[in-house]
Structures are given as structure tokens and as C-alpha cells.
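Step one of this worksheet: look at the structure below.
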Amino acid sequence: AELNHKTRNLGGMGLAILESGGPQSPRGVALYYGSPAGGHGHHDRLNIEFFDHRQSMMPDLGYPDQWGRKAQEFTQNSIGHYAVLVDGKGEEDYKAGYLDFIKGPDGVQVVSARAERCFPGTSLYRRETALVDTSAESCYLFDVFRVRGGKQHDWSFHLPPVPEWAVEGLELSEPAKGTVAGEDVAEGGEYEPGNGLNWLASPQRGKPTGSFTFLSKANPPYPELRMTMLEGCADEVIVADHESPRVNADLPRSMKWLLARHSGEAELSSAFAAVIEACPDGPRVQGVQRLPVTGGKEAVAAKVTTSNYT
């Protein structure tokens, strides 16, 4: 039987799904805002997964790293997902978040959800993700993650486990010793905060001066994945290695992880805005430009130019 690809909200599970393309070129994004059932899960409220070209382009981690200390500190923790850490801490419990709205279809579909109750000390923890069709076969995501509270916000993003990657528009340092937790903290070494930074090795750092792109090069069956972050979202970027889930022997030992960091005074306000695209035949997105707006740090507007639209 053919699947009926459509946008929907599974309220009992706390999962909102945007889908497009139909059976010929199915694509979609899922935003998990949390099940009221709570436990036996991950600290992953507002995590997203992107599916395109019949691949999970932004895969969640799982087996065989689902058990033990690594699982508790990283795989099941917020840092192991497409989420944001606040003051170096992940989600503190398994409470459900809230769906603000879901809209579709008609070429541009949008979902918005929030989960402040999982992050004590925040007055805003909200994600809005749009699935934008650029043709019958292609799309991109426009993703905005807003956080208010604390003094440091780390937006976490990782590439699929492929051997080649690159950064465009950003100069990175040479790999440092140790991990993001410190030069004296080995990969997987003891690290009391338990936030998972000790599982990110050989960190490289850079200071963005404009928009930048973090990408994995095509490696069948994976097409190229490109994440472009708008200028002004982060004042530091950290790229590090994390051990791949060795589900088969062909995977490289490590996969690339990125933290986009924004630091400041108490009640810090951040808006991490990114355009994400899977590209089997080269990028359709030709330019991403942040537009000036009023309304403070959390307001975001951008012009995205593709081969078909602006």
C-alpha cells in the first residue's frame, strides 16, 4: 500500500511532522516536543530530524551507544541532539513541551513548539521550523531556535557519519588537544558536569564574522548536507569529533559535531537561525542574507535565494 504523505500532529506522542513531495520524492521534518508519558526516552525536547532523498539526513543517535555512561552523558543527553544547551546544561527532566501551531501544506509548511518547563531559568525555549519546497523534487528547511535565560547558549548540530566535510565562510583553528571540556579532559574521560562536552574530541574554534556553512560531502547513499547559519547568531563556533555509532564497519570512526555558542550577561537572548538543505546534484540555495528588523535579538528575517525562487 502507498503511504499517504501529509503534515500532521501526533499529540499523544508529542511529535509534529511536516511532509511534502508525495511517494515519488518524499521529504519531511519531524519536531519532537515531548510525550506526556515522560520517561524511558532521551532529553531531546525540540529535537528535529530531516528526511530527504530517501535518507535520514539529520539522524538521531541510538544503538549501540544506548547504554552506559556514554549514553547518559551524551547519546541520551541534549547535546546528542539538534538542541540547545543553557549554561552548559541540557534538559533537566522529561516533561512534555507544547505545540504552538502547525501549518501546511501549500509549498511552505511551518511548525512551532516550546519547552521552557524542561529548562528551569529560561523564559523562552522555542523552535520554529519551516519546510520550503523549491521544486517538485527539492526543498530546504528554515529553522529558528530562540532561547532566553542564562549566560551561555550552545546550539548543537551534527553531520551524518561520512568521511568528508567542510566549512565555508569561517576560519577554524587547528585541532586542539583533549576535548571541548578542556585540553586536560580526554575523550570519554571523567567530567563532573556530565553535559557531554567530554565526548567531543580535537576541537577546532572560529569566530564568525558573517554567515557560514557547515557541510558533509556526498557519500552514497547520503547526498551532500549543507547547514548555513545566518550572521549574528553566534560569537564562537566549535567543531569537534564524536565517535560514530558503529552500526556497520564501513562507517568512519568519527562524525563531525558543531556547537554555535552565544555568550553574554544574565537573561541572555539568542536566536539561532539556519537554512538546511540536502543536495544530491549541488545546492539549490544560492544565497542566504539576514535582513534588518526591529524587535531585538530574537527577531529574525532572511532572504533565501534559490535557483527557482527568492
Side-chain angles (χ1 to χ4, degrees), residues 1-37 41-42 44-62 81-83 96-115 126-146 157-160 215-216 218 220-228 272-285 288 300 302 304 306-309:
E2 289 189 359
L3 295 177
N4 184 13
H5 299 275
K6 62 179 182 179
T7 290
R8 59 208 182 273
N9 174 46
L10 306 178
M13 187 178 180
L15 183 71
I17 301 171
L18 308 178
E19 286 195 357
S20 184
Q24 299 305 315
S25 54
R27 51 191 180 268
V29 59
L31 190 158
Y32 179 68
Y33 56 91
S35 167
H42 290 189
D44 58 352
R45 303 314 183 258
L46 307 195
N47 182 59
I48 60 173
E49 289 193 63
F50 178 35
F51 302 86
D52 200 3
H53 305 288
R54 304 187 185 277
Q55 298 296 323
S56 174
M57 295 305 306
M58 294 168 55
D60 198 1
L61 300 183
H81 299 85
Y82 298 94
Y98 300 95
L99 179 70
D100 292 322
F101 65 85
I102 184 170
K103 180 267 177 191
D106 302 326
V108 179
Q109 305 180 63
V110 187
V111 61
S112 175
R114 53 194 170 92
R126 185 174 67 206
R127 182 169 224 150
E128 294 173 351
T129 304
L131 176 67
V132 183
D133 291 333
T134 56
S135 73
E137 297 81 25
S138 61
C139 69
Y140 66 83
L141 303 184
F142 187 71
D143 181 61
V144 182
F145 208 133
R146 295 178 173 90
F157 186 94
H158 63 275
L159 298 175
L215 65 95
S216 60
Y222 289 109
E224 182 176 301
L225 179 69
R226 300 176 65 88
M227 184 284 294
T228 299
F272 298 100
V275 174
I276 304 167
E277 180 187 20
C279 318
D281 302 309
R284 296 290 183 96
V285 174
V288 178
V300 176
V304 180
T306 73
S307 54
N308 298 331
Y309 303 103

Do Asp143 and Tyr82 have side chains that approach each other closer than 4.5 Å (heavy atoms only, starting at C-beta)? no
From Ser20 atom OG to Glu137 atom CD, the distance as rounded to the nearest 0.5 Å: 10.5 Å
Which atom pair, heavy atoms only, marks the closest approach of Arg27 to Ser135? NH2-O, 3.1 Å
With Phe142 via ring-ring contact (aromatic ring centres under 6.0 Å, His included) - residues at least two apart: none
Measuring only between side-chain heavy atoms, which start at C-beta, is Val111 closer than 4.5 Å to Ile17? no
Can you name the nearest heavy-atom pair linking Pro23 to Arg54, along with the distance? O-NH2, 3.0 Å
Any side-chain donor near an acceptor of the partner, Asp100 and Tyr33, under 3.5 Å: no
Roughly how far, to the nearest 0.5 Å, is CG of Leu215 from CG of Leu159? 7.5 Å
Can you measure from CZ (Phe50) to CG (Leu141) and round to the nearest 0.5 angstrom? 4.5 Å
If you round to the nearest 0.5 Å, how far is CG of Leu61 from NE2 of His158? 4.5 Å
In Å and rounded to the nearest 0.5 Å, what is the CZ to OG1 distance from Phe145 to Thr129? 9.0 Å
Between Ser25 and Ala136 (side chain of the first, backbone of the second, donor and acceptor by atom type, cut-off under 3.5 Å), is there such a pair? yes
Is the gap between the ring centers of His53 and Tyr222 under 6.0 Å? no
What is the distance from atom CG of Leu131 to atom CG of Asp52, rounded to the nearest 0.5 Å? 8.5 Å
Under 4.5 Å between any side-chain heavy atoms of Phe51 and Glu19, yes or no? no
What pair of heavy atoms forms the shortest contact from Ser216 to Glu224, and how long is it? O-CG, 3.1 Å
Pick out which of Asn47, Ile48, Val144 makes a side chain to side chain contact (heavy atoms under 4.5 Å, CB included) with Arg127. Ile48
Establish, from distance only, whether the side-chain atoms of Arg284 and Ser138 form a donor-acceptor pair under 3.5 Å. yes
